[in-house]
Amino acid sequence: MDIRLFPIPLQGRGTADVESLVSYIYRSAFEHGVRVGEFLRFINFYSSRTEGGPQGLSKVPQSLPVKSLIRPNHTTKAILNMLSSMSGQDLRSSVLIFLEDALGRSSGEVHPELRWCPECFKEMKVEGLPAYIKLIWHLVSISYCPHHRTPLTSKCPACFKEQVTFIRKYPIDYCQHCGYDLSCRDHLSFDDISNSWNCPHGDIYKLFEDLAEYEITLDKTGVPSSIEKIQEYYRKIGREDVLYKMFLKDELNSFLHKQNSISLKKVRRIAYHAGIPLADIISGNGNQSSEVLNPNWSRELPKELQRVGLKNKRKHSEVRKRIAEIMKAQQHPPSLKKVARLAEVSVGYIEYRFPDLVREIVKNYTASREKEMEQKRLRAKSSAMSFFVDAKYEQHTKSRKQAYRVLREETGLPKFVLKNAIKSAYEALYLD
């Protein structure tokens with residue numbers, strides 16, 4: 001092991017509140033005083049040149065979405081192995097390992113944004129612990145903090161910006177754009193807090209607890225083995241008819257014979273009805289089933305677990321009203337995809353039902369993006385010209401390369417925008 005990084009401990013190790021890999025990378029980059037991209041290039045550079053070390057990446061991507069660093073894909077595994085080797089930390093628990101072999105088809109389970117619980121950040125600060133993003137907060141199905149029952153948030157309450165950025169100017173519990181303390185929250189009403197007796201995502205938190213406490217085997221055979229044991233159990237007690245009122249027989253058989261991969265949502269539905277913890281289902285211990293099996297439970301399933309046929313029909317007028325409210329509430333015109341996510345409907349549904357709203361959303365979003373890009377171009381031109389003429393930068397070599405290094409750090413503007421502005425300013429001043 002060739003340790004070349006500060007030994008930054010992974011927070012929450014061995015608990016359901018373990019830190020996510022994204023959070024660990026962001027914190028490490030900040031502690032080393034570099035951007036996230038530079039940090040990743042550094043570990044990749046040394047890993048690729050260390051004999052017997054972990055295999056690096058052929059090229060570190062310019063940007064890495066949160067999703068790609070939470071699911072155990074090729075890139076995530078490579079970064080995980082390099083970081084573990086160079087930091088001396090075992091980081092395997094910082095990714096959603098159960099979304100690989102056991103539940104490989106679970107698309108849409110990881111939230112695209114960084115989310116946090118302000119109350120948890122405040123507790124970390126009081127206890128003198130470094131603030132971090134918990135792995136469980138990355139799951140779409142977790143919308144409330146399991147400890148405080150308060151809603152997770154993804155935007156700074158001061159500047160309303162998201163926190164997914166490779167530029168880490170402040171600790172993770174401060175806004176990377178304006179420096180505002182993210183442990184502060186706007187006033188919450190009683191209705192904003194989840195009831196203690198209604199915990200629709202308790203099965204997920206229990207799964208995280210079990211994964212942290214026990215050595216659980218996670219592979220493709222676990223779920224089919226559990227389904228087989230469930231069927232065998234109810235066959236023996238003569239309740240197969242009740243079993244198939246709860247579950248679609250063809251669906252269960254397809255999973256049993258490995259014809260279809262199974263998703264986290266479907267496993268949660270099976271576990272919920274059969275009264276089995278998720279960890280037991282995934283590990284193949286379906287024989288731990290309780291004797292509780294009530295066909296009426298299908299109407300009590302959490303909304304996100306219900307089959308399409310069991311959901312209430314949408315009232316299109318209410319959905320339209322909700323979309324209009326979302327468009328009005330956003331600080332900047334949202335994309336069609338974001339509107340669909342916030343309204344909890346599909347893009348196709350909006351396109352089919354409300355083509356007039358689609359035109360308005362796309363028009364406003366496109367105009368907003370163009371305006372934003374024009375502002376960035378103007379800012380880049382101003383910054384580039386200042387670099388070559390202002391006394392503030394007289395200690396720097398007046399070259400395009402040096403201008404890019406300095407201004408990239410200062411402005412955080414996109415690479416191509418900044419380089420074009422620097423080129424134009426340089427040519428106007430020195431080549432005419």
Side-chain angles (χ1 to χ4, degrees), residues 20 22-23 25-27 29-30 34-39 61-70 110-122 124-125 131-134 137-138 140 142-143 145 150-188 192 325-343 361 364-380 382-383 407-418:
S20 75
V22 172
S23 173
I25 291 173
Y26 283 4
R27 286 201 306 119
F30 174 76
V34 295
R35 294 166 178 264
V36 172
E38 186 177 347
F39 177 74
Q62 292 292 327
S63 63
L64 285 168
V66 170
K67 285 185 176 182
S68 67
L69 285 174
I70 293 301
V110 181
H111 204 281
E113 302 168 355
L114 274 187
R115 297 184 300 163
W116 63 91
C117 167
E119 288 71 33
C120 282
F121 274 176
K122 190 165 292 185
M124 294 171 189
K125 191 172 298 186
Y132 68 96
I133 301 293
K134 298 179 183 181
W137 292 344
H138 288 281
V140 169
I142 301 294
S143 54
C145 173
T150 51
L152 300 181
T153 184
S154 62
K155 291 181 177 61
C156 170
C159 67
F160 306 104
K161 290 185 178 180
E162 298 171 355
Q163 299 302 302
V164 181
T165 171
F166 268 21
I167 303 174
R168 312 309 297 180
K169 298 179 181 178
Y170 309 100
I172 211 162
D173 56 338
Y174 288 85
C175 177
Q176 301 305 311
H177 304 281
C178 70
Y180 190 80
D181 187 348
L182 298 179
S183 68
C184 298
R185 189 201 284 272
D186 293 337
H187 176 71
L188 289 175
D192 292 325
E325 291 173 349
I326 289 169
M327 293 168 63
K328 185 178 180 180
Q330 297 297 305
Q331 185 183 18
H332 302 290
S335 66
L336 182 59
K337 186 176 180 180
K338 185 173 183 178
V339 170
R341 175 164 53 81
L342 294 175
I361 292 169
N364 293 342
Y365 178 70
T366 302
S368 175
R369 292 287 293 173
E370 289 176 354
K371 182 179 179 181
E372 182 183 356
M373 186 55 65
E374 182 60 26
Q375 289 174 342
K376 287 180 179 179
R377 283 193 286 265
L378 291 174
R379 185 182 167 202
S382 176
S383 299
L407 297 180
R408 177 70 168 163
E409 184 67 31
E410 282 188 3
T411 65
L413 289 167
K415 179 178 179 180
F416 73 94
V417 172
L418 197 53

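Using a distance-only test at 3.5 Å, with no hydrogens or angles considered, a donor-acceptor pair links the side chain of Arg115 to the main chain of Trp137. Here the side chain of Gln176 pairs a donor or acceptor atom with the backbone of Tyr174 at under 3.5 angstrom. A donor-acceptor pair is defined here as one N or O able to donate and one able to accept, closer than 3.5 Å; no such pair exists between the side chain of Glu119 and the backbone of Ser183.
We find that Arg377 and Glu374 are joined by a salt bridge, their nearest charged nitrogen and carboxylate oxygen being less than 4.0 Å apart.
Every residue meeting the side-chain contact (heavy atoms from CB on, under 4.5 Å) condition with Lys155, not counting sequence neighbours, appears here in chain and number order: Glu113, Glu162, Lys338.
A side chain to side chain contact (heavy atoms under 4.5 Å, CB included) with Pro118 is found for exactly one of Leu152, Leu182, Thr153, namely Thr153. The one candidate from Leu114, Val164, Ile172, Ile133 that meets the side chain to side chain contact (heavy atoms under 4.5 Å, CB included) condition with Val22 is Leu114.
Rounding to the nearest 0.5 angstrom, the gap separating the CZ atom in Arg379 from the CG atom in Leu407 is 10.0 Å. To the nearest 0.5 Å, atom OG of residue Ser383 and atom NZ of residue Lys376 are 13.0 Å apart. One distance of note links CG of Asp173 with CZ of Arg27; it measures 10.5 Å at 0.5 Å rounding. Interatomic distance, NZ of Lys134 versus SG of Cys117, reported as 7.0 Å (0.5 Å rounding). For the atom pair SG of Cys120 and NZ of Lys125, the computed distance is 13.0 Å after rounding to the nearest 0.5 Å. Atom CE of Met327 is separated from atom CD1 of Ile361 by 4.5 Å, given to the nearest 0.5 angstrom.
When side chains are defined from C-beta on, Phe30 counts as touching Pro171, because their heavy atoms get closer than 4.5 Å. You'll find the side chain of Gln330 stays beyond 4.5 Å of the side chain of Val339, heavy atoms only. Inter-residue side-chain proximity for Arg35 and Glu409 is flagged as met; some heavy-atom pair is nearer than 4.5 Å.
When all heavy atoms of Pro157 and Tyr180 are compared, the closest pair comes out as CG-CE2, 3.4 Å. Here the shortest heavy-atom pairing between Arg341 and Pro112 reads NE-CG, 4.3 Å. Closest approach of His111 to Val140, counting heavy atoms only: N-CG2, 3.5 Å. The two residues Ala131 and Met124 have their closest heavy-atom pair at CA-SD, 3.6 Å. The minimum heavy-atom distance linking Ser335 with Tyr365 is given by the pair N-CD1, 3.5 Å. Across all their heavy atoms, Cys156 and Gln163 have their closest contact at CB-NE2, 3.9 Å.
Cation-pi contact between Arg168 and Tyr26: present, with separation from the ring centre below 6.0 Å and deviation from the ring axis of at most 45°.
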